[in-house]
A.B. asks: 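Quick one: structure below, then a few questions.
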Amino acid sequence: MAAGPRTPRRARLTGVGAYVPERVMTNAELEVMVDTTDEWILARTGIRERHIAAGDQATTDLAAAAVRDLLDRTGTAPSDIDLLIIATTTPDYVFPPCAPLVGTMTGMDSVAAFDLNAVCSGFMYGMAQATGMVEAGLIRRAVVVGADTLSRIINWEDRATCVLFADGAGAVMIEADDGAPGTGVVGFDLGSDGSTPGDLWVPAGGTRTPITPGVPHADTCIQMNGREVFRFATRILVESSARLLREAGLTIDDIDLLVAHQANERILDHASERIGIPREKVVMNLDRLGNTSSASIPLALAEARDTGVLADGALVLMVGFGAGLTWGSVLARWEPRP
Ligand code: ACO
């Protein structure tokens with residue numbers, strides 16, 4: 001990527017692609033693995049089943065499938081993509097990052113490509129980055145992917161976490177409006193609070209505690225203080241949405257669809273009630289997909305498009321939250337290519 005003279009313009013959200021692995025794991029299977037029940041999981045989380053990557057699939061495989069779906073649906077040549085951002089917390093390797101590999105896998109020769117880690121908020125941060133680059137005139141077209149293979153860092157003996165998380169990938173196109181009428185990507189609310197990293201983390205495997213023979217397996221997997229994360233999630237969903245709407249000079253009545261991180265049905269119910277958005281405007285697919293971290297928002301967006309809930313021109317409020325703690329909200333009009 002090389003940037004010449006720059007012309008400010010609006011960025012638009014024009015396409016979405018998705019991929020989930022074939023293998024479906026039901027709550028009944030988890031009943032055999034840990035001391036849990038289908039009733040408990042359904043009542044406390046809303047999850048019935050989730051998709052789990054095959055043994056030979058890694059995050060780049062999921063991401064590349066979502067990107068191919070996006071390029072097919074939008075009729076875009078890989079060579080027309082200037083920037084590829086992959087939001088993930090489960091890369092194939094410590095390095096290289098996933099993005100250059102996925103660029104090559106999908107035919108985007110020489111594309112500018114990098115990974116971004118803001119855990120479950122990563123996709124929102126990626127959309128903000130892409131929008132900023134497009135609107136600054138540095139690039140014309142970006143693909144932003146959220147992809148995670150959380151099954152590889154789940155402790156399958158920990159009933160408090162193994163019932164929640166899953167695998168998948170989603171991708172969106174952010175591109176310059178070329179003067180076409182439309183609202184484009186309206187605004188963002190991004191933030192973080194790093195004061196309680198242990199509320200949701202993988203303690204070992206980084207530079208503070210490298211994986212050595214003495215490190216317990218549980219420390220190489222997701223550990224979570226569920227009640228604290230629940231409290232944070234319900235609060236931040238409401239606060240971040242309200243801040244963004246206020247900045248944009250809009251009210252919740254202007255919003256056609258809320259696509260929030262698919263972590264827990266009770267979090268979404270609680271937050272949407274406090275935000276004051278009717279249930280029929282809230283997208284939920286966690287019953288079938290579980291919590292796919294950075295993939296959850298684009299996967300929910302893709303499903304809303306497929307089921308007709310996401311109408312052309314709809315104003316969509318997307319809200320992500322997760323480990324860090326981090327959060328990110330994006331307000332964008334859905335303006336698919338004709
Ligand atoms: N099956 C049966 N019982 C269980 C299970 C299970 N799978 N998991 C926990 N329990 C038990 C606990 O041990 C506890 O038992 P105790 O009372 O004897 O100690 C009891 O159920 C209640 O536990 P809580 O943690 O209070 O249960 P809660 O109603 O809070 O639900 C849950 C737990 C679902 C994890 C909830 O706290 C939650 O959803 N938190 C937010 C999690 C989240 O969203 N994380 C991800 C966000 S960011 C990201 O995606 C990376």
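Note that the numbering runs from 1 along the sequence shown for the chain. Counting starts at 1 for both ligands and their atoms, in listed order. Bear in mind that the values here come from a model prediction, so they are computed numbers and not experimental data.
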A.B. asks: Is E135 paired with R140 through a side-chain N to carboxylate O contact shorter than 4.0 Å?
C.D. replies: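 Judged by the 4.0 Å cut-off on N to carboxylate O distance, R140 and E135 do not form a salt bridge.
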
A.B. asks: Can you pull the salt bridge (charged side-chain N to carboxylate O under 4.0 Å, His left out) pairs that have at least one residue in residues 15-44, sequence neighbours excluded?
C.D. replies: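 Checked against salt bridge (charged side-chain N to carboxylate O under 4.0 Å, His left out) - neighbours excluded - the pairs reaching residues 15-44 are R23-E29, D35-R159.
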
A.B. asks: Compute the shortest N/O to N/O distance between G226 and ligand 1 and return yes if it is under 3.5 Å, no if not.
C.D. replies: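 Yes.
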
A.B. asks: Heavy atom under 4.0 Å from ligand 1: found in L30's side chain, backbone, both, or neither?
C.D. replies: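 Contact part for L30 vs ligand 1: neither.
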
A.B. asks: Tell me the nearest of R227, H261, E39 to atom 24 (P) of ligand 1, using heavy-atom distances.
C.D. replies: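 Ranked by closest heavy atom to atom 24 (P) of ligand 1, first place is R227.
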
A.B. asks: S241: which residues meet the side chain to side chain contact (heavy atoms under 4.5 Å, CB included) condition with it, sequence neighbours left out?
C.D. replies: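 Checked S241 against side chain to side chain contact (heavy atoms under 4.5 Å, CB included); matches are I275, L317, V319.
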
A.B. asks: Less than 4.0 Å between a side-chain N and a carboxylate O, is that true for D69 and R73?
C.D. replies: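 Between D69 and R73 there is a salt bridge, with a charged N closer than 4.0 Å to a carboxylate O.
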
A.B. asks: Quick one: does N264 get an N or O within less than 3.5 Å of an N or O on ligand 1?
C.D. replies: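 Yes, since at least one N or O of N264 sits under 3.5 Å from an N or O of ligand 1.
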
A.B. asks: Heavy atoms only, cut-off 4.0 Å: how does W40 contact ligand 1, side chain, backbone, both, or neither?
C.D. replies: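 Side chain only.
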
A.B. asks: Once you restrict to heavy atoms under 4.0 Å, what part of L200 touches ligand 1? Side chain, backbone, both or neither.
C.D. replies: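 Looking at L200 and ligand 1, just side chain atoms fall under 4.0 Å.
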
A.B. asks: Give yes if a backbone or side-chain nitrogen or oxygen of T45 is under 3.5 Å from a nitrogen or oxygen of ligand 1, and no if not.
C.D. replies: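 No; the residue has no nitrogen or oxygen that sits under 3.5 Å from a nitrogen or oxygen of the ligand.
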
A.B. asks: Is any side-chain N of the basic residue among R243 and E247 closer than 4.0 Å to the acidic one's carboxylate O?
C.D. replies: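 No.
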
